[in-house]
Amino acid sequence: MEHSVASMVSRTEVDRNIYTSQAVYEEELKRIFERGWVLVGVEASVPSPGDFSTHWMGDVPVIVARDDEGAVHVFENSCSHRGAKLALKAKGNCQGFTCIYHNWRFALNGDLKSVPMSAEFSTEIDKASRSLRKAKVGVFQGLVFASFNPDVVPIAEYLGELGENIADIIQGRKTILIGRHRFEIPCNWKIFWENGQDAYHVALLHKFATALGVLQQGENIAWENGHGVVRTPNKSVPPELLKMLAAKSSFKMQDLSMFRSDRDGGWNRVLGMFPNGLMLEQWDMLNVRQLVPRGPERVEIYTYALGFEGYTQEQIARYARAYTNFHGPAGFVGRDDVTACTAVQEARHRDEFSTSLMALGNIEAEGGSLNGEYTIRNFYKAYSALMNAGGS
Amino acid sequence: MLDARNEVRDTGTDSDRREIEQLLGRAARLLDAKDYRSYIELYEPDRGHYKLISADNLEDGSLLGVMDDDVSTMYDRSEMVDKYWSLEPVRLRHLVTGIEVHFTGDGMARVQAAFAVFATDTNGRIGILATGRYDHKVVRTEGGWRFLDCLAVFDNELLTQAVSYPI
């Protein structure tokens, strides 16, 4: 590889070629997206038996399907005969998958069921070995993780303290999908993950929130395996106080509905899930973001706005609207982040002397005040360990 | 107004039809000019609403849009564009075609059309921001026909450019 990651990542700096190098990107696909746990979606996308949804693990197209017994499976969306894509639609419901090319049929768990004219093959088709390439699946509190590495540690062990926080948010409740957004940003996937864990920019980029005075102090904490959280205490702000803040601020915001919260206490938090997930719990809004790299300089974001079984229609409508106008791709916060990430990538070029600095906060500590870059440094610590591990 | 079968008839005139078509054209022109506040004035001020949503979400019965604004939100958004947002498209260009107007009685009408919106970025590259369909409700007011409830449904679930203005 032209650029060795060992030489590109230090404790507080990252060589910017890590965001543009095709060679680094291809190693990431092998070492991170093929060997570890990857977020591939949410259970709420496949609520019923026969439901399926198509996704990606790195650059490998996969199907997430729920079988008739209710179990969720993840397998390669590529016929084991000649490689044709099996599920041509983004989502649906079926009893199995039939390749349009030669009609090889596969079950909802990826097993090969039948082969037309099988007697005419020169050797007997071993259905077990010609079943679809299956991933190990870890469904955790409604999130679907998968790995092509059969020896990967159990998902709960991999998630560790991150898992405890996900469990604290979901609390074993059945999630429902309020809706999905997809958007593409011309930036490296790691830049968007960094943005999700970067609280330093919040008061400076999201100026309307600063003008409104709704920002609070909080914490930035790194956990094992590259995971982390940025969080602030959740306090429901009375509507009258919000109106007063708006009237006094330089941004006289008229529609304050997105700041309303039925939830009082606990945290507003952004969980960073290594390598490719973010979970945002903000007031009444809950969404999960799945990052799908599309080459070194482009990332596709799948965002799932989630609710819980038992929500009234009024709650769903209100939370959907709040999420749309706050975190959505044209949201008051979401739009700023797209702009910033685009600007970061646009200035990238091949320059062996340029590095990005990630030195905010005590570099000897695992966590501290909100603006510290603990979780970003922690991401690159886990990243380096995987990218520099022995073997190819 | 009822006809001999006691059914509500289309009560709009050709003049109303032309005015509604002009309303659509004016909206497109103002958005292309990035004159957000003048665009907002095309809405009925107390009840006006705009929603931008993907066809996929709409067909799934999801309420999740990309914009979901009453008139006050639109004014907030115009302030965001003026004061706080950057790297927005340099130029926008709306193409609106196939306009159909159906009067529904009580001084209201439904207007549908197809749209394509192109955006030129800061590098001078042009791309398609979105294509889709409008399905709006308009209402006759003292000041003329105004938007009451606008729905813009875009075909491309995957957005590849930032969205700052209504489409």
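Throughout, a chain's letter reflects where its sequence line sits, starting with A, and its residues are numbered from 1.
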Could Glu43(A) and Arg66(A) be called an ion pair, given the rule that one side-chain N must be under 4.0 Å from one carboxylate O? yes
So that I can tick it off, tell me whether Glu79(B) and Arg37(B) are bridged by a salt bridge, with the cut-off set at under 4.0 angstrom between side-chain N and carboxylate O. yes
May I ask you to name which of Phe183(A), Tyr323(A), Phe332(A) has the most heavy-atom pairs under 4.5 Å with chain B? Phe332(A)
Compute whether any side-chain donor of one residue and acceptor of the other, for Ser62(B) and Arg180(A), lie under 3.5 angstrom apart. no
Min side-chain heavy-atom separation Ile170(A)-Leu286(A) under 4.5 Å: yes
Report the C-alpha distance between Thr339(A) and Asp336(A) in whole Å, list the side-chain angles of each, state the deciding distance to 0.1 Å, and finish with yes or no for side-chain hydrogen bond (donor to acceptor under 3.5 Å, both in side chains). CA-CA 5 Å; Thr339(A) 303; Asp336(A) 282 343; 5.4 Å; no
Residues of residues 290-306 of chain A near chain B, each having a heavy atom less than 4.5 Å away: Glu300(A), Ala305(A)
Counting heavy-atom pairs under 4.5 angstrom with chain A, the leader among Thr160(B), Val66(B), Leu63(B) is Val66(B)
Which bit of Asn156(B) is near chain A, if near means a heavy-atom gap under 4.5 Å: side chain, backbone, both or neither? neither
Is the ring pair Phe259(A)/Phe326(A) parallel, tilted or perpendicular, if the boundaries are 30 and 60 degrees? perpendicular
Does atom CG of Leu158(B) have more than 12 heavy-atom neighbours, drawn from other residues, nucleotides or ligands, at distances under 6.0 Å? yes
